[in-house]
J.: 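Okay, handing you the structure first.
When a ligand or atom number is given, it counts from 1 through the structure's own listing order.
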Amino acid sequence: MTKRKRVVVLMSGRGSNMEALMAACGEPDYPAEIVGVVANRAEAKGLETARRAGIATAAVPHRDFADRAAHEAAVSAAIAEFEPDLICLAGYMRILSAGFVRQWNGRMINIHPSLLPAFPGLHTHRRAIETGCRIHGCTVHFVTEVMDEGPIIAQAAVPVLADDTDDALSQRVLVAEHQLYPLALALVAAGSARVEDGRVVHEGAVQPQAGVARLVSPPGWREAVDLEKLARMTP
Ligand code: GAR
């Protein structure tokens, strides 16, 4: 296989999506590897998980810096040490400046717990229940200057049940997140996801069939990524 894309994960806490990406990167034919994890909280549980797996980590606590710009400069420096090709935001709960986002344009992706453009921001599960949504889910998208906006790479949907609580629904969505993020990263790392006119075009990916209900779109990464094309790519 050609050289895997080097990925830095940015996160703030539990790190379960990071773990899902770590598991995928453990697959021999997965097109990306995690070379570093950066957190804005030293006590983030995900940092310990990454360390135990032998992944380099950096804690850059925002409380140690006078302002947002100084903190972001330190985060940028920590990221640069790892020389990544791509950045994955996985529960990174800090707003990023326009300058930072522009620097990583087309190379930074985020997972959000709703079917965007519905429910950007916080408390997405509660808002979906309160709105009376029958379907909820998660989205992986390229990061643009507007929070929780940007070209959509992949989405997964789950049902909202009549007696759902925030917790029950968030657990159901989280299971979907753990399937979706590895798929979306594979598409981006393999060069199969390209932005055209503000929308993502998947080259060589298996497209969902019209009329066939699918809960993850596009389907699983092994089918979605054109491995032959990947093999032809130069490192
Ligand atoms: C995930 O549900 C992720 O989608 C969400 O934070 C959680 C992090 O969990 N991200 C956002 O809300 C970003 N807008 P994790 O640390 O266990 O991956």
J.: Polar contacts were defined as any N/O atom of the residue lying under 3.5 Å from an N/O atom of the ligand; does this apply to Ser16 and ligand 1?
T.: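 By distance alone, the answer is yes.
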J.: Do Pro182 and Leu21 touch side chain to side chain, with heavy atoms closer than 4.5 Å?
T.: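 Pro182 vs Leu21: side chains touch.
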J.: For Gly46 and ligand 1, answer yes if some heavy atom of the residue is under 4.0 Å from a ligand atom, otherwise no.
T.: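 No, Gly46 has no heavy atom closer than 4.0 Å to ligand 1.
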J.: At what distance is the nearest protein heavy atom to atom 10 (N) of ligand 1, and which residue and atom is it?
T.: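 Looking only at protein heavy atoms, the one closest to atom 10 (N) of ligand 1 is Ile111 O, 3.6 Å.
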J.: Please report which non-hydrogen protein atom sits nearest to atom 8 (C) of ligand 1, along with the residue it belongs to and the distance in Å to one decimal place.
T.: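 Protein heavy atom with the smallest distance to atom 8 (C) of ligand 1: Gly91 CA, 3.6 Å.
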J.: For Asp148, counting its heavy atoms only, list the atoms of ligand 1 lying under 4.0 Å from any of them.
T.: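 It comes down to these atoms of ligand 1: 14 (N).
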J.: Identify the closest protein heavy atom to atom 9 (O) of ligand 1: which residue and atom is it, and at what distance?
T.: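 Ranking protein heavy atoms by distance from atom 9 (O) of ligand 1, first comes Arg14 NH2, 3.1 Å.
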J.: Counting non-hydrogen protein atoms only, what is the nearest one to atom 14 (N) of ligand 1? Give residue, atom name and distance.
T.: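 For atom 14 (N) of ligand 1, the nearest protein heavy atom is His112 ND1, 3.0 Å.
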J.: Atoms of ligand 1 less than 4.0 Å from Pro113 heavy atoms?
T.: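 Numbered from 1, ligand 1 contributes 4 (O), 5 (C), 10 (N), 11 (C), 12 (O).
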J.: Could you tell me if any non-hydrogen atom of Met93 lies under 4.0 Å from any atom of ligand 1?
T.: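 Met93 counts as a contact of ligand 1 under the 4.0 Å cut-off.
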J.: Mind listing the closest non-hydrogen atom pair of Val37 and Met11 along with its distance?
T.: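 Taking Val37 first and Met11 second, the nearest heavy atoms are CG1-CE, 3.7 Å.
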J.: Is there a path of hydrophobic side-chain contacts, each under 4.5 Å between heavy atoms of I/L/V/M/F/W/Y residues, joining Leu86 to Phe82?
T.: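 No, Phe82 and Leu86 fall in different hydrophobic clusters.
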J.: Is the distance from the ring center of His125 to that of His136 below 6.0 Å?
T.: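 Yes, ring centres under 6.0 Å apart.
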J.: Side chains of Thr124 and His112 only: does a donor on one sit below 3.5 Å from an acceptor on the other?
T.: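 Judged by distance alone, the side chains do not pair up.
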J.: For ligand 1, which is the ligand I care about here, please tell me if Gly15 has any N or O atom under 3.5 Å from one of the ligand's N or O atoms.
T.: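 Checking ligand 1 against Gly15, an N or O pair does fall under 3.5 Å apart.
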J.: Can you find a heavy atom in the side chain of Arg41 that is under 4.5 Å from one in the side chain of Met93?
T.: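 No, too far: nothing below the 4.5 Å cut-off.
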J.: So is Glu177 in contact with ligand 1, going by heavy-atom distances below 4.0 Å?
T.: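 A heavy atom of Glu177 does come that close to ligand 1.
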J.: Are Glu33 and Lys5 side-chain neighbours, meaning at least one heavy-atom pair lies under 4.5 Å?
T.: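 Of all side-chain heavy-atom pairs linking Lys5 with Glu33, none is under 4.5 Å.
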J.: Using side-chain contact (heavy atoms from CB on, under 4.5 Å) as the criterion, point out the one residue from Val9, Leu96, Ile109 that pairs with Leu89.
T.: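 The single option meeting the side-chain contact (heavy atoms from CB on, under 4.5 Å) with Leu89 is Leu96.
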